[in-house]
Amino acid sequence: GDSVTQMEGPVTLSEEAFLTINCTYTATGYPSLFWYVQYPGEGLQLLLKATKADDKGSNKGFEATYRKETTSFHLEKGSVQVSDSAVYFCALSYGGSQGNLIFGKGTKLSVKP
Amino acid sequence: NAGVMQNPRHLVRRRGQEARLRCSPMKGHSHVYWYRQLPEEGLKFMVYLQKENIIDESGMPKERFSAEFPKEGPSILRIQQVVRGDSAAYFCASSDRNTGELFFGEGSRLTVL
């Protein structure tokens, strides 16, 4: 079945470091891809999305490109801040519906001053 | 502008008791989704409801679990005769349409003793 695999955390970085969180997927069709972020004590928030191959989603300095050839959607940020400390989830869904999302296990990021 | 409200935030039950989790969607949203997050796992889709209708319950366990979204009032996820394996965080999300962005609540954390 369809699935999402993320790099295992936790990931610890110093402020201003470059961030990459790997995400690959297995899908029978052509899903939409998402990154969600969960700050401590809060619910998940949509960070960015891409709906078709070669699309780039971006928000708050984060970027991810939908790579069909490598079935990947890696999350990147050039310079992380302490406030980026959170758990990041990669997810996919089909048919335009964002409701039936398939999530990865999440990657915890800690940014030290 | 209140977001998705879930209560209780924390619930402790003994084996065999019932757990009821409530979710009030964002104002104007008529689509509600429930997800379960087991320890060290990603979120798993459980059920998708619209007012008075269950649209997709493909992720719901066949026994002991039920969900409703009445015409008036919050959506309820009900777990009968809880077991230790039901201990998890249960997240509710809402959207204004099937293809709309999901907004998540902060989750309800169920602990079964």
Side-chain angles (χ1 to χ4, degrees), chain A residues 1-10 21-28 30-52 57 59-60 73 75 86-109, chain B residues 2-10 21-26 29-50 53-60 67 69 75 88-109:
Chain A
D2 299 336
S3 64
V4 175
T5 302
Q6 292 180 234
M7 64 185 287
E8 291 195 17
I21 300 179
N22 289 339
C23 171
T24 57
Y25 65 91
T26 302
T28 53
Y30 303 98
S32 296
L33 302 174
F34 306 84
W35 278 101
Y36 280 82
V37 58
Q38 184 180 22
Y39 297 104
E42 299 185 12
L44 279 74
Q45 304 173 25
L46 178 64
L47 180 60
L48 53 84
K49 68 179 181 182
T51 57
K52 62 183 187 296
N59 186 26
K60 300 182 181 179
F73 193 54
L75 182 69
V87 181
Y88 292 82
F89 292 92
C90 185
L92 67 82
S93 72
Y94 282 103
S97 168
Q98 294 189 30
N100 194 340
L101 288 158
I102 298 171
F103 283 92
K105 292 186 177 182
T107 303
K108 184 175 181 180
L109 170 66
Chain B
V4 177
M5 304 299 293
Q6 290 189 245
N7 67 83
R9 294 291 308 280
H10 300 276
L21 308 176
R22 289 176 290 278
C23 169
S24 296
M26 284 184 69
H29 286 189
S30 58
H31 299 251
V32 166
Y33 309 81
W34 285 94
Y35 286 80
R36 177 167 65 174
Q37 184 180 27
L38 295 169
E40 308 300 323
E41 296 287 330
L43 282 74
K44 303 289 187 188
F45 169 78
M46 299 182 75
V47 63
Y48 162 37
L49 310 104
Q50 295 180 29
N53 285 302
I54 297 174
I55 307 301
D56 181 355
E57 57 181 347
S58 58
M60 285 280 272
F69 188 18
S75 175
Y90 292 83
F91 287 92
C92 171
S94 73
S95 70
D96 61 351
R97 61 189 187 281
N98 187 38
T99 57
E101 178 182 345
L102 261 63
F103 292 83
F104 282 81
E106 295 179 19
S108 292
R109 281 155 180 82

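Given the structure is predicted, the values throughout are model-derived calculations rather than measurements.
- Options B:M46, B:K44, B:E41 differ in how many heavy-atom pairs under 4.5 Å they form with chain A, and the most are formed by B:E41.
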>> side chain to side chain contact (heavy atoms under 4.5 Å, CB included) for A:Y36 and B:L102? Distances and angles first, verdict last.
In response: CA-CA 10 Å; A:Y36 280 82; B:L102 261 63; 4.0 Å; yes
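- A:E42 CD: more than 12 foreign heavy atoms inside a 6.0 Å radius.
- What you find for A:L44 and B:F91 is that their closest heavy atoms are CD1-CE2, 4.3 Å.
- By the ring-ring contact (aromatic ring centres under 6.0 Å, His included) test, B:F45 pairs with B:Y35, sequence neighbours left out.
- In this structure, CG on B:L43 lies 12.5 Å from CD1 on A:I102, to the nearest 0.5 angstrom.
- With a 4.5 Å cut-off on non-hydrogen atoms, B:Q37 touches chain A through its side chain but not through its backbone.
- Contact annotation for A:Q38: only side-chain heavy atoms (C-beta onward) come within less than 4.5 Å of a heavy atom of chain B.
- Scored by the salt bridge (Lys or Arg N to Asp or Glu O under 4.0 Å) test, B:R22 finds no partners at all (sequence neighbours excluded).
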